[in-house]
Structure formats: C-alpha cells, structure tokens
Amino acid sequence: MLLNIHSFMFSRPLKYLLFVGFFTSLALISGCDQAAKTENNDQNETNPVLLISIDGFMNEYIDRNETPNFDRFIEQGVQAEYLIPVFPTKTFPTHWSIATGLYVENHGIISNSFYDYELEERFSYGPPADSPNDERWWGGEPIWITAENQGKTAATFFWPGSEASINGVQSTRWIDYDGSVPNVERIDSVMAWLDPSGDVRADFATLYFSFVDSRGHSYGPNSPEVDEAVQEMDELLGYILDETDQIGLSENLNMVLVSDHGMAELSDDKVIFLNEIINLEDVDMVDWSPVAMIKPDEDKTIEIYEALKANEEHYRVYLREDLPERFHFSDHYRIPEIIMIADVGYTITTRPFFEERGVIAGNHGFDNMAPEMHTFFAAKGPVFKQGEVVPPFESVHIYELLTNILNLEPAPNDGNADELLHLLSN
Ligand code: AMP
Ligand code: ZN
Ligand code: ZN
C-alpha cells in the first residue's frame, strides 16, 4: 500500500524533483494552509462523515441472506426503498455522480472506458492506463474537494476519481487504486484517519469494496457465490461498526452506505450481433455494451441510424439529441451521435467476439429505471432519523446531503438539498 506522497513520488518523478527543489517554500505554504484549516475547523465543527461504497450491491441481497450487521445498521438509521443510479449504470459514471451531484452529461465521465476525440485519448481505468489520475478527464467538484477547499480534512481509501486532483487540490490522504489491498486493511487505515486522537482526524472519509460486484459479473446476481460475498460484506460491516466503537466514534460518526448500481443476469441466447446490422468499418465504437456509443464516419449518421432503427429488437436506438430527457445524457461533447441501449439481460457484441468469448454471467450499465439496476442506500448517525424506510431517490442528491451535514457550501450541481431533508432527524 502506498500513501499519497509515495505514489506522487513514484508516478511523477519530474514533478517530485520540483517538489523537492521548492520544499521550503511549499512547507511554508502548507503550514499556512494548516493554520487556516484549524481556524476554519474551530468555527465549523461538525461530526465526521464516512461514505462507504459497496460496488454492485442490491437490496434483494440483504433480503435473501442472513445479514445481522446490515440489519443492525438499518435499524439504527434510515434506508431508502431503493436508490436510483444515473445513466449509464457503470461504475465510474455512477460513483462520480454520487461524489459530485452531477448528471453524467454535466461531468463527462460517460462510461468506464471511452474515447475522447478532443483529447485524442481513451479514458480507461484498467492497467496500463493512467487516466484516473489525470485531472483533464474529471468535470465537477467531488465532495472531498469541497471539504478540503472549505478547511475540512478529507481522506479517501478508494473512490473512482479520488486519485485525480481537481484544480490542483487533492484529499489530505488518498491512495492509488490497488484492488489487491485487503478489505480489512482498508478499514484499519480509514479508522486511523478518523480517530479523534490520531494525526489526521478526518472530517470526511471514503471506503470502497469491489468484490460483491466482481462476484456478480462472474457468477450472476442470483448465485450462491454472490450470497457468500454478501455474508463476507456483512462481516466487514460488523468490523467497521466495532472499530468505530474502538475509536470512540460510535455516537458521533455519520455513516452513509451506498452502492453504485445493481446487476442483471446475462445469457448466451440474449445477444445482439452489431456486425450483422451495420458495417463496423463505417463507425468508431466509443463504448460497446450494454450501451453502445457509436460515432459514424462523416455523412453516415442517418444511414447507420436507420439501419439500427429498422432492426430495433431487444434494444432501443436514439440519435444523441433525441435521447429521453430523463437520461440526462445528451449534452456533452464526449457523447457520440448514436446511442443504442440493450434491453436488460442483453449483450451487444459481434459474432466473432461472441464465438471466442461468450458472455459473462452478469452485467450492469442498462437503463437506470430498470429494477435490476436499482441499488442500495442506508445511513446512520447523529444527524439521521432512526428506523425509517424512505421512498426511492436519485443518487445525484447525495452530494447535497453530504455538504449539508458537513456544513459546507456546495459547488454547482444537479441535486437538490430539499429532496433528502426527510432523512435528517432535525
Ligand atoms: P465495472 O467494470 O463497472 O464492474 O467496475 C468495477 C471495477 O472498477 C472494480 O472491480 C475495480 O477493478 C475497478 N475500480 C473501482 N474503483 C477504481 C479506481 N478508483 N481506480 C481504478 N479502478 C477502479
Ligand atoms: Zn460498479
Ligand atoms: Zn461491475
């Protein structure tokens, strides 16, 4: 595990040399920052907030499993009937919307992997890509930066986008993503950062767990393997609650437990062979499935659209500007001319690719109004009501909720603070 300063040193040697060269003046500046922070904090004392993401987690996972720690958490706090993620329901767009309160067309992270024709680069989170660390990709202001900018201390142990600076600012503690870091180690670090007698005393922290989502992709949402992962997550939640007690925060910590999207079962007989509908040589594929983002060659848009429209079975196809308003997915230069959305459970692929690879057992990315994509939200702590289940709401409101309970001035966003006031105890 590398702390932020180490990753800074190893991944940016040139900047690091500059950093060393100007060490004295930087130290002075950061000394001033610290003084400003302390002063600001004294005037603006709030209870700390821990935001936890369990990737690809659905309400029904709790309903069909023994989950004593989730049950305890929910009894002590509020739970949403379900949470409505943003479209498309992929990990990077959805997490960045939770963090910024922006719909996808307003933050620009249009998928987990996509091509940007202005930057002439592909955004991709998998190795060897370095795009998650690069500020140019990320539109909007995430909650940890809002906190830092207003004198609070933020510490993130993983969150999509948390590795990038925003206008040069980063969390006081952040970590380069490494999926192999054991979950207990993530929790221990975050607890040390939240510890009121520690040296960080974070006002805001995040935790992120990916294994329930991975199990859902490999075995499908209705598998015993997912149930096993859910029970493992329940034990981790128990550990988080115990450790919160250990550092003396069980009465003070506001915890928000959230997921980014659900999971749908796929099958080998629910496939759409795109190469048999259009000539793939006439287009660039910005992204593939379950939302195909298609950039036709010049003057080919209408021809390609009409071919897709004529064969519209098990998917819906739209010209970008005709996408229903509710998707909030038209108004960004990264979104290409044609958007094709597979029906839940279907995979958009090509016959050769399918014959070589088949399809995975589970996936997400589909229409955010589909029940299979709906997801989980619960929160507990001194600001939240106890023992209440509230109607479903959209994940873009969470940023406003967090700024409200941390007493921060929100950056411009698409959420509405009033939408979630009924979660709060006063
Ligand atoms: P998805 O492909 O939409 O299922 O995304 C889930 C995967 O995203 C996880 O299994 C991780 O491999 C990856 N992931 C999550 N957070 C990060 C991050 N901060 N940086 C890079 N990859 C991440
Ligand atoms: Zn995800
Ligand atoms: Zn996933």
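Both counts, for ligands and for their atoms, begin at 1 and track the order of listing. Numbering starts at 1 and runs along the sequence shown. Please read these numbers as outputs of a predicted model, since none were measured by experiment.
- In this structure the side chain of Met255 reaches within 4.5 angstrom of the side chain of Ile52, judged on heavy atoms.
- Heavy-atom contacts from other residues, nucleotides or ligands closer than 6.0 Å to OH of Tyr219 number 12 or fewer.
- Considering backbone and side-chain atoms alike, Lys90 places every N or O at 3.5 Å or more from each N or O of ligand 1.
- Phe57 and Phe70 have their aromatic ring centers within a separation under 6.0 angstrom.
- Scanning all protein heavy atoms for the shortest distance to atom 21 (C) of ligand 1 gives Tyr177 CD2, 3.5 Å.
- The atom of Asp260 that is an N, O or S and sits closest to the Zn ion (ligand 2) is OD2.
- Within the coordination shell of the Zn ion (ligand 2), defined by N, O or S atoms under 2.8 Å, Asp55 is present.
- With respect to Tyr115, the side-chain contact (heavy atoms from CB on, under 4.5 Å) criterion is satisfied by exactly one of Glu120, Lys295, Glu121: Glu120.
- Residue His95 places every heavy atom at 4.0 Å or more from ligand 1.
- Residue side and main chain included, His261 places an N/O/S atom under 2.8 Å of the Zn ion (ligand 2).
- When only modelled atom types and interatomic distance are considered, Ser267 and Asp269 share a side-chain donor-acceptor pair under 3.5 Å.
- Using a cut-off of 4.0 Å between Lys/Arg side-chain N and Asp/Glu carboxylate O, Arg316 and Asp367 are scored as salt-bridged.
- The aromatic ring centroids of Tyr346 and Tyr315 lie 6.0 Å or more from each other.
- The pair Asp287-Arg334 does not count as a salt bridge, with every side-chain nitrogen at least 4.0 angstrom from each carboxylate oxygen.
- Expressed to the nearest 10°, the angle at the Zn ion (ligand 3) joining NE2 in His364 with NE2 in His217 is 100°.
- Residue contacts with ligand 1 for Pro160 involve both N, CA, C or O and side-chain atoms from C-beta outward (heavy atoms, distance under 4.0 Å).
- Counting protein heavy atoms only, atom 19 (N) of ligand 1 is closest to Glu163 OE2, 2.9 Å.
- Looking at atom 9 (C) of ligand 1, its nearest protein heavy atom turns out to be Tyr208 OH, 3.6 Å.
- Those atoms of ligand 1 with a heavy atom of Ser210 less than 4.0 angstrom away are 9 (C), 10 (O).
- Closest heavy-atom approach to atom 5 (O) of ligand 1 within the set Ile175, Thr89, Thr91, Asp55: this belongs to Thr91.
- Side chains of Tyr239 and Asn183: no donor on one and acceptor on the other come within 3.5 Å.
- Atoms of ligand 1 lying under 4.0 Å from at least one heavy atom of Trp159, given by number and element, are 19 (N).
- Atom numbering of ligand 1 starts at 1 in the shown order; those under 4.0 Å from a heavy atom of His217 are 4 (O).
- The 12-atom threshold is exceeded at CD of Glu312, counting heavy atoms of other residues, nucleotides or ligands nearer than 6.0 Å.
- The environment of CD in Glu355 is crowded: more than 12 heavy-atom neighbours from other residues, nucleotides or ligands sit within 6.0 Å.
- Residue contacts with ligand 1 do not include Phe158, since none of its heavy atoms lies under 4.0 Å from the ligand.
- The shortest separation from a heavy atom of His364 to ligand 1 is under 4.0 Å, placing the residue in contact.
- In terms of protein heavy-atom proximity, atom 13 (C) of ligand 1 is nearest to Tyr125 CE1, 3.6 Å.
- Ser210 lies apart from the Zn ion (ligand 2) in this respect, since none of its N, O or S atoms is found at a distance under 2.8 Å.
- Of the N and O atoms on the side chains of Glu394 and Tyr103, at least one donor lies less than 3.5 Å from an acceptor on the other residue.
- Atom numbering of ligand 1 starts at 1 in the shown order; those under 4.0 Å from a heavy atom of Asp213 are 4 (O), 6 (C).
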